[in-house]
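If you're wondering where the values come from, they're calculated on a predicted model, not measured in any experiment.
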Amino acid sequence: MKKNIFALVSSVAVLGTALAGCGGGQQAAQPAAGQPASTTPAQTPAAPAPAEKKPQVLRMNLHSEPPTGDPGLAEDTTSGAVILATFDGLTRIGSDEKPHEAAAESYTVSDDKLTYTFKIRDHKWSNGDPVTAKDFEFAWKRALDPKTASNYAYQLYYIKNGEKANKGEAKLDDVGVKALDDKTLEVKLENPTPFFLELLAFRTYFPVNPKVVQANEKWAGDAKTHVGNGPFKIETWEHKSKLVLVKNDNYWDKDKVKLDRIEFAMVEDENTELSMFDNGELDWAGSPTSDLPTDAIPALKESGKMTTKPIAGTYWYKFNTEKPPFNNVKIRKAFAYSIDRQGLIDNILQRGQLPATGAVPPSMVLNPNGYFKDKDIDTAKKLLDEGMKELGITKLPAITLSYNTSEGHKKIAEAIQDQWKKNLGIDVKLENKEWKVYLEDLHEGNFQIGRMGWLGDFNDPINFLELYKDKMGGNNDTRWENPKYKELLNQSSLESDLDKRKKILADAEQVLMDDMPIMPIYFYTQSWVQNPSVKGVQITGLGDVDWKGAYVE
């Protein structure tokens, strides 16, 4: 979600032991220009009435503390899962992986596809306040306000003057979102955006309650002050211990919500989590809010208990391109080319992931052959030698690989550390940190090589490529920027011919891989085990989890 991955994805890709960030689905068909869209609400199939009434309580684990419950600031999948449960956007991704009306009961689109007009349905915030069009206008402009420092503000750049406002080049009043009245929201776009309805189901586009936000800047981190408009609300939040969601009786579609409670533990150790599942203390273990221990994968696969689903996400390492020696492109490539991705998948991950030799996952792939060869050790050695000569050094400085605390990330890092030693003769130190601290250090440039992953927010290659458009972009972290790359992405936003647009984006991905500010490792799958009595949990092709239609049979 975002971003990034489990403490920060379209229809086919592959994930594994990571935790990254974001939500989405497939592009919806546009209504006829100027005509109202279908008013079918977000498709969550009604759960059949259980033959014997069981407590409607779902027990799961969050691998780490959610950094925030604020949709305007969230950038990781852990926060994103909680936010999707406690908020509703104008649209929500249904069981058919398409966006459907949610907080909006209907909408129209202008002939030029640049103006959307939404009618907000009658519904309330969890504190009883009415949800209005002004709440959406406030939320979007708040996320774009440079003072808010939202790392996901760029998701709103599709709105007229959104980027300019975020960069201080235009006023927030000039942004193309306006509440015409309490029930009517008008949105003007920079360019026709075929995936805009899907974007609206992503958390940065969710509303917030202005009165709540303005009264307390820490509103989103406490159960007593957190207010949402989604299927659930936060009842208990004992930080780094547990989080409890309960059904929101003010939710507009509350009759479709069957669960009374979702109780989350916060256990970082995957072996402990799996033991809790085996002992009946949890109803679910593993993805998408945590992970399974890699050592347990063979037995879980053999038993048939484990479910694995490909999702649109990429696990990669980021280089800090402003810190030697990774300010040299040849050295970055040497590190990237020298590892054995397939061996890592076969021996460590073991969940059907695919080796990544590009940034964009298979479900939206631009170049099915990738951009470089996996385990190209000879080329890597040559590049390392050339890069060191260019830097005028005969010995590399001390190098540290950082990752957020997780048994899975640790094993991947150890395996790659060993490969770099064996294939390049390089000693690399490993360093792990708690998720929130790790994210902060990445954003501040306090790293040399850092683990991250990305699960698509919507089903389009631009969502992966735009991360690295701007040097100081909220989710870039590499400090890399390339004028040609930026120009290609700008061209893609103006190109209406889909084949030509795909070629432009493929050229952009080529630039990204030529400069290698990131080192793609594998494409994700998600794996988990669940109690057979748990039904209706929706895991989207982008890796998001929605409990709106879940129930215990």
Side-chain angles (χ1 to χ4, degrees), residues 23-26 28 37-60 71 80-107 118-131 135 197-198 200-203 205-207 226-235 244-264 283-284 288-289 530-542 544-553:
Q26 298 175 350
S38 160
T39 55
T40 305
Q43 291 188 355
T44 302
E52 179 182 341
K53 181 65 176 177
K54 289 188 176 181
Q56 293 300 302
V57 178
L58 175 62
R59 300 165 302 166
M60 296 185 67
V82 174
I83 288 168
L84 185 58
T86 54
F87 286 86
D88 233 4
L90 293 170
T91 64
R92 195 175 186 95
I93 302 302
S95 58
D96 59 358
E97 297 271 351
K98 296 180 180 180
H100 298 267
E101 292 86 338
E105 64 180 7
S106 64
Y107 63 91
F118 298 91
K119 289 296 181 182
I120 308 301
R121 70 172 72 247
D122 289 331
H123 67 298
K124 296 178 180 180
W125 291 101
S126 55
N127 68 352
D129 293 343
V131 178
D135 299 339
L197 292 176
E198 185 178 343
L200 294 172
F202 185 68
R203 56 181 172 267
Y205 283 84
F206 290 175
H226 191 275
V227 173
N229 68 325
F232 301 92
K233 62 182 180 180
I234 301 177
E235 179 187 72
V244 178
L245 303 180
V246 296
K247 182 175 179 178
N248 177 15
D249 288 332
N250 281 326
Y251 184 52
W252 67 270
D253 204 18
K254 65 179 181 181
D255 291 344
K256 295 282 182 64
V257 181
K258 303 302 178 185
L259 290 176
D260 294 320
R261 298 170 65 83
I262 307 176
E263 299 176 351
F264 294 102
D283 301 307
W284 190 293
T289 59
Q530 69 182 90
N531 187 318
S533 66
V534 175
K535 307 289 185 181
V537 176
Q538 179 182 329
I539 309 292
T540 74
L542 296 174
D544 291 317
V545 57
D546 194 345
W547 295 287
K548 177 179 175 178
Y551 62 99
V552 179
E553 191 173 63

Over all atoms of both residues, closest heavy-atom pair of [X] and [Y]:
X	Y	value
G128	N250	N-ND2, 3.6 Å
P207	P71	O-CG, 4.1 Å
K548	R92	CD-NE, 4.0 Å
I83	R203	CG2-CB, 4.0 Å
G89	A102	O-CB, 3.4 Å
V131	K124	CG2-C, 3.6 Å

I234 side chain near L245 side chain, heavy-atom distance below 4.5 Å: yes
Heavy-atom side-chain contact between D546 and T540 under 4.5 Å: no
Hey, could you give me the [atom1]/[atom2] distance between [X] and [Y], rounded to the nearest 0.5 Å?
X	Y	atom1	atom2	result
D96	Q538	CG	CD	8.5 Å
D260	Y551	CG	OH	15.0 Å
R261	E235	CZ	CD	4.5 Å
I93	K98	CD1	NZ	11.0 Å
D253	N248	CG	CG	11.5 Å

Given F232, W547, W284, the one that forms ring pair (Phe, Tyr, Trp, His ring centres under 6.0 Å) with F264: W547
Qualifying residue, where the test is side-chain contact (heavy atoms from CB on, under 4.5 Å) with K247 and the options are K258, Q56, K233, K254: K254
S533 (side chain) donor-acceptor with V552 (main chain) under 3.5 angstrom: no
Side-chain donor or acceptor of T91 paired with backbone N/O of A201 under 3.5 Å: yes
Electrostatic pair R59:D283 at N-O distance under 4.0 angstrom: yes
Greater than 12 external heavy atoms within 6.0 Å of K535's NZ: yes
Derivation of the side-chain contact (heavy atoms from CB on, under 4.5 Å) call for V537 and V545: CA-CA 7 Å; V537 176; V545 57; 3.7 Å; yes
Verdict with reasoning, L197 to L90, per side-chain contact (heavy atoms from CB on, under 4.5 Å): CA-CA 8 Å; L197 292 176; L90 293 170; over 6 Å; no
Mutual orientation of the aromatic rings belonging to Y107 and F118 [parallel < 30°, tilted 30-60°, perpendicular > 60°]: tilted
Residue among T86, D88, N229 satisfying side chain to side chain donor-acceptor pair (under 3.5 Å) with Y251: D88
